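The sequence lines fix the lettering, A, B, ..., with proteins before strands; numbering per chain opens at 1. Both backbone and side-chain heavy atoms feed into the values below; hydrogens, waters and symmetry mates do not. Everything quoted here is computed from the prediction, not taken from an experiment.
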Protein chains: 2
Amino acid sequence: MAIALPKTRRGETSRAAILSAALDLFQERGYEATTMRAIAGRAGVSLGSSYHYFPSKEHLVLEFYRHTHELHAAAIAPLLAREQDLAVRLRGTIRAVVVTCEPFHAVAGSIFSTVANPSSPLNPFGGAAKPLREEVVALYAEVVHGSDARIPPDVAALLPLTLWLYQMAILYFWIFDRSPGRLRTLEVIDETTELIVRLLGLANLPVLRGSRKRILTLIKSVTEQA
Amino acid sequence: MAIALPKTRRGETSRAAILSAALDLFQERGYEATTMRAIAGRAGVSLGSSYHYFPSKEHLVLEFYRHTHELHAAAIAPLLAREQDLAVRLRGTIRAVVVTCEPFHAVAGSIFSTVANPSSPLNPFGGAAKPLREEVVALYAEVVHGSDARIPPDVAALLPLTLWLYQMAILYFWIFDRSPGRLRTLEVIDETTELIVRLLGLANLPVLRGSRKRILTLIKSVTEQA
DNA sequence: GCTGTAACTTGAACATGTTCAAATTGATTC
DNA sequence: GAATCAATTTGAACATGTTCAAGTTACAGC
């Protein structure tokens with residue numbers, strides 16, 4: 001069960017070959033159609049060896065997820081370095097998510113459901129995915145704090161986590177999107193990012209103060225469970 | 001693949017026995033721990049017979065879902081007949097969802113993930129689950145329209161579908177809730193239902209008009225995909 | 001060079017969802 | 001009552017994720 005980190009060069013080679021074969025095959029055939037035997041076969045190792053480095057097929061998905069996160073982070077680095085406007089930063093970041101994931105669109109459905117399973121070790125609220133989740137949340141913290149938007153501290157504290165949830169919602173929509181060029185998802189992104197930024201601007205209105213407090217308490221309560 | 005509806009009394013008996021055995025076992029052992037062989041065994045039929053009436057194990061989950069929906073609808077009927085206040089109706093309805101589902105809490109995780117899988121025939125946005133989804137949406141339409149709340153028509157038109165989404169979100173939270181008596185979920189329900197009703201009251205404020213239109217367009221766009 | 005040990009590798013074995021061709025049943029028709 | 005035929009039932013066979021005990025490798029210490 002425990003993940004065995006390779007301790008020799010030979011082990012590193014094997015682990016890397018298995019991971020690389022898995023990523024390729026997931027992309028080529030999808031998650032379910034990729035068998036552990038096929039992964040082992042392409043990696044040039046035996047079936048049992050795969051289980052030495054990855055406790056289950058699901059754990060290979062986690063690596064897949066990490067892979068796309070790294071692509072995404074690299075893709076938006078220039079934007080985050082250059083741009084100050086929050087709406088532009090947010091829109092660019094979320095657009096980049098779906099652009100980065102586009103090659104995996106056909107695969108994404110089964111992967112998402114694997115990850116959404118609360119009893120899976122991989123579910124984003126749970127233990128195994130925690131390091132990766134924190135990386136993504138940190139990325140959204142940079143999106144927010146690197147902007148020139150003036151956001152009340154109580155809102156700013158919870159915004160990155162909320163944006164991470166928002167990203168997951170967009171991805172779920174994207175999975176169902178069959179429109180050419182995934183245009184509908186891009187439209188929804190443009191709409192929602194603008195809406196979010198606008199609502200952030202309204203958060204200081206007296207009439208919304210009460211609701212804002214409620215919402216913040218709620219988000220804190222919901223997320224601290226994870 | 002096609003679902004075979006029983007055409008003889010004998011077939012009806014078999015189908016009913018399989019379904020009943022499945023519901024019992026899902027509750028006793030959970031979804032994954034229940035094997036098709038165990039279902040067939042308890043139902044007193046052979047393994048192959050189960051597949052004559054239910055194309056897959058997942059399809060048995062759909063029946064499970066339908067079962068809880070019927071329990072839920074029955075549970076809230078008195079409330080809906082008596083009460084006029086929207087906040088009370090909504091809170092009672094959502095509370096009843098988690099109360100009804102409580103016996104299945106341990107099982108709910110894997111069931112939810114099965115259902116959330118976009119490539120599953122069962123996913124709530126897709127085809128096979130459509131009739132049931134429409135029943136649930138209709139139930140929320142009754143919650144809204146049977147109240148004395150005065151809601152703008154454009155909002156009222158989309159509210160039931162939105163509340164259905166809201167119910168799914170609450171259920172997802174509930175699945176993770178390990179607090180005694182599921183108190184945290186009940187708290188979140190109280191908070192969110194009050195928030196929803198309050199925001200509905202604010203929807204007519206001029207400053208929110210623009211956002212309201214945006215939000216409605218968005219919800220329509222998101223849901224018509226299904 | 002030898003030995004011991006930890007790391008690594010292997011593939012057979014197992015459990016379980018699913019398929020399918022063949023067997024059985026039971027009602028309808030003559 | 002015999003023939004027919006669709007509905008139903010059966011269980012063996014298959015694919016695949018996972019486990020595990022046994023085998024192999026390679027390096028550290030002598």
Options dT9(C), dT8(D), dG17(D), nucleotide nearest the side-chain atoms of K7(B): dT8(D)
Between R10(B) and K57(B), name the one whose nearest nucleotide on DNA chain C is closer to the 5' end. K57(B)
Pair W174(A) and F104(A), ring centroids less than 6.0 Å apart: no
Rounding to an integer number of Å, can you tell me how far M36(B) CE sits from dG11(D) C1'? 15 Å
Calculate the interatomic distance between E12(A) atom CD and dT9(C) atom P; express it in whole Å. 12 Å
Looking at residues 16-32 of chain B, who's got a heavy atom less than 4.0 Å off DNA chain C? none
Which part of the nucleic acid, if any, lies within reach of S50(B) when heavy atoms closer than 4.0 Å are counted: base, sugar-phosphate only, or nothing? nothing
How many whole angstroms separate atom CZ of R9(A) from atom P of dC8(C)? 13 Å
Taking the inter-plane angle between the rings of Y172(B) and F112(B) on a 0 to 90° scale, is it parallel (under 30°), tilted (30 to 60°) or perpendicular (over 60°)? tilted
Looking at R42(B) and E28(B), does any basic side-chain N land under 4.0 Å from a carboxylate oxygen? yes
When you compare the side chains of S49(A) and H52(A), does any donor N or O come within less than 3.5 Å of an acceptor on the partner? no
Before accepting this row, confirm whether a basic side-chain N of the pair R214(A)/E194(B) lies closer than 4.0 Å to the acidic partner's carboxylate O. yes
Where along residues 38-49 of chain A does a heavy atom come under 4.0 Å from DNA chain C, residue by residue in number order? V45(A), S46(A), G48(A), S49(A)
Rounded to whole angstrom units, what separation is found between the CZ atom of R37(A) and the C1' atom of dC14(D)? 11 Å
May I ask you to say whether R66(B) pairs ionically with E63(B), meaning some side-chain N is under 4.0 Å from a carboxylate O? yes
Remember a base hit wins even if backbone is also touched, and classify T34(A) as base, sugar-phosphate or nothing at under 4.0 Å, heavy atoms. sugar-phosphate
I'd like to know if the side chain of T192(A) pairs up with that of Y166(A) as donor and acceptor (distance under 3.5 Å, no hydrogens or angles considered). yes
According to a strict under-4.0 Å criterion, is T8(A) in side-chain N/O contact with OP1 or OP2 of dT25(D)? no
Distance, rounded to the nearest Å, where H59(A) contributes NE2 and dT18(D) contributes C1': 13 Å
Nearest to side-chain heavy atoms of P6(A), which nucleotide of dG17(C), dT16(D), dC8(C): dC8(C)
Would you say D177(B) and V188(B) make side-chain contact, with heavy atoms under 4.5 Å? no
So, is Y51(B) close to the dT10(D) phosphate, meaning a side-chain N or O under 4.0 Å from OP1 or OP2? no
Any cation-pi pair here, K57(B) with F26(B), using under 6.0 Å and within 45°? no
